[in-house]
2 protein chains.
Amino acid sequence: MLIGVSIKETKLKTAEMVKVLRKREKLSQEQLAMRLNLSRITIKNLEAGKNATLDTLFKVLQYFDLLQSFADLVDRETGQQDYDSIY
Amino acid sequence: MLIGVSIKETKLKTAEMVKVLRKREKLSQEQLAMRLNLSRITIKNLEAGKNATLDTLFKVLQYFDLLQSFADLVDRETGQQDYDSIY
DNA sequence: CGATTTTGAATATTATATTATTCATTTTTA
DNA sequence: TAAAAATGAATAATATAATATTCAAAATCG
């Protein structure tokens, strides 16, 4: 028997990912926020695992080249799969 | 040269996916909303490509057994990869 | 076809995500 | 180690996501 990840866990994982990817590119919360037209507080809350909007999540995914991966995951379910995506 | 998907496109893809998966299980918007402790309006807006919250998205992903896939995508970036996930 | 169910849409209200500002603490770096 | 930069956290204000209600149109079904 295998239990999947919870919503809270997923938010914390997402939070950790943002922090890791941001530090990997040596950006401060302020710098990342500016590039995404968000406030530093929004980035800080996202990295703290707080709830957020799809716009905020997708801006981050797009910046770190993960938006296409998410879109692929979505497409796989609807039968769109155009497969040859590089991202 | 390859341009990735846009944020608006991703929201529309997500919207379409929710509608497809919901109909696949022969659920009305109302029934799905009740199972996720959301209002029908929230489901309707999500299926219309409107902005939403992570909680709403994750509830839907969890219901359709896609939350673990998203978590895996996230883990891959942070170096957590415990790989053997079934979902 | 007629009846029922489902869906889209509008309004108004509530809950909360986003923001600006400020300050204390921590981390970085010179 | 001292100075500077970055972060966490609190408050208050604004924007907007979520909700309840209602109604018309569309889809589904007997």
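Note that the structure is predicted; figures quoted are calculated from it, not measured.
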Q: Using a 4.0 Å heavy-atom cut-off across all strands, classify K26(A) as base, sugar-phosphate, or nothing.
A: nothing

Q: Report the distance from atom CG of L32(B) to atom P of dA18(D), rounded to the nearest whole Å.
A: 14 Å

(Q) For a quick check of understanding: with a heavy-atom distance under 4.0 Å over all strands, which category does N37(B) fall into, base, sugar-phosphate or nothing? (A) sugar-phosphate

Q: Starting from C1' on dA17(D), measure out to CG on L57(B) and report it in whole angstrom.
A: 14 Å

Q: Return the value, rounded to whole Å, for the distance between atom CD of E47(B) and atom C1' of dA9(C).
A: 15 Å

**Q.** Nearest heavy atoms of L54(A) and L46(B), plus distance in Å
**A.** CD1-CD1, 4.5 Å

Q | L12(A) versus A48(A), closest heavy-atom pair with distance | A | CD2-O, 4.2 Å

Q.
What is the distance, to the nearest angstrom, from the NZ atom on K19(A) to the P atom on dT27(C)?
A. 10 Å

Q. Are E25(A) and F64(A) side-chain neighbours, meaning at least one heavy-atom pair lies under 4.5 Å?
A. yes

Q: Would you mind telling me which of dA20(C), dT18(C), dG8(C) lies closest to the side-chain atoms of K44(B)?
A: dG8(C)

Q. When the distance from CG of N51(B) to P of dT19(D) is rounded to whole Å, what number comes out?
A. 14 Å

Q: In whole angstrom, give the distance that lies between atom CG of N45(B) and atom P of dT19(D).
A: 10 Å

**Q.** Euclidean distance, atom NZ of residue K50(B) to atom C1' of dT7(C) [Å, nearest integer]
**A.** 14 Å

Q. Would you say dT5(C) has OP1 or OP2 under 4.0 Å from some side-chain N or O of Q29(B)?
A. no

Q. Does a nitrogen or oxygen in the side chain of T53(B) sit under 4.0 Å from OP1 or OP2 of dA17(C)?
A. no

(Q) Tell me whether the side-chain N/O atoms of T56(B) come closer than 4.0 Å to OP1 or OP2 in dA18(D). (A) yes

(Q) Please confirm whether the shortest side-chain N or O distance from S28(A) to OP1 or OP2 of dA5(D) is below 4.0 Å. (A) no

Q. Which word best sums up how the rings of F70(B) and F58(B) line up, parallel for under 30°, tilted for 30 to 60°, or perpendicular for over 60°?
A. tilted

Q: Assign each of T42(B) and K23(B) to its nearest nucleotide of DNA chain D by heavy atoms, then name whichever residue's nucleotide is nearer the 5' end.
A: T42(B)

**Q.** Contact summary for G49(B) and A15(B), nearest pair of heavy atoms
**A.** N-CB, 3.6 Å

Q | Along DNA chain C (nearest heavy atom to each residue), the more 5'-positioned of I43(A) and R40(B) | A | R40(B)

Q: Mind calculating the distance between CG (L46(A)) and P (dT7(D)) to the nearest angstrom?
A: 14 Å

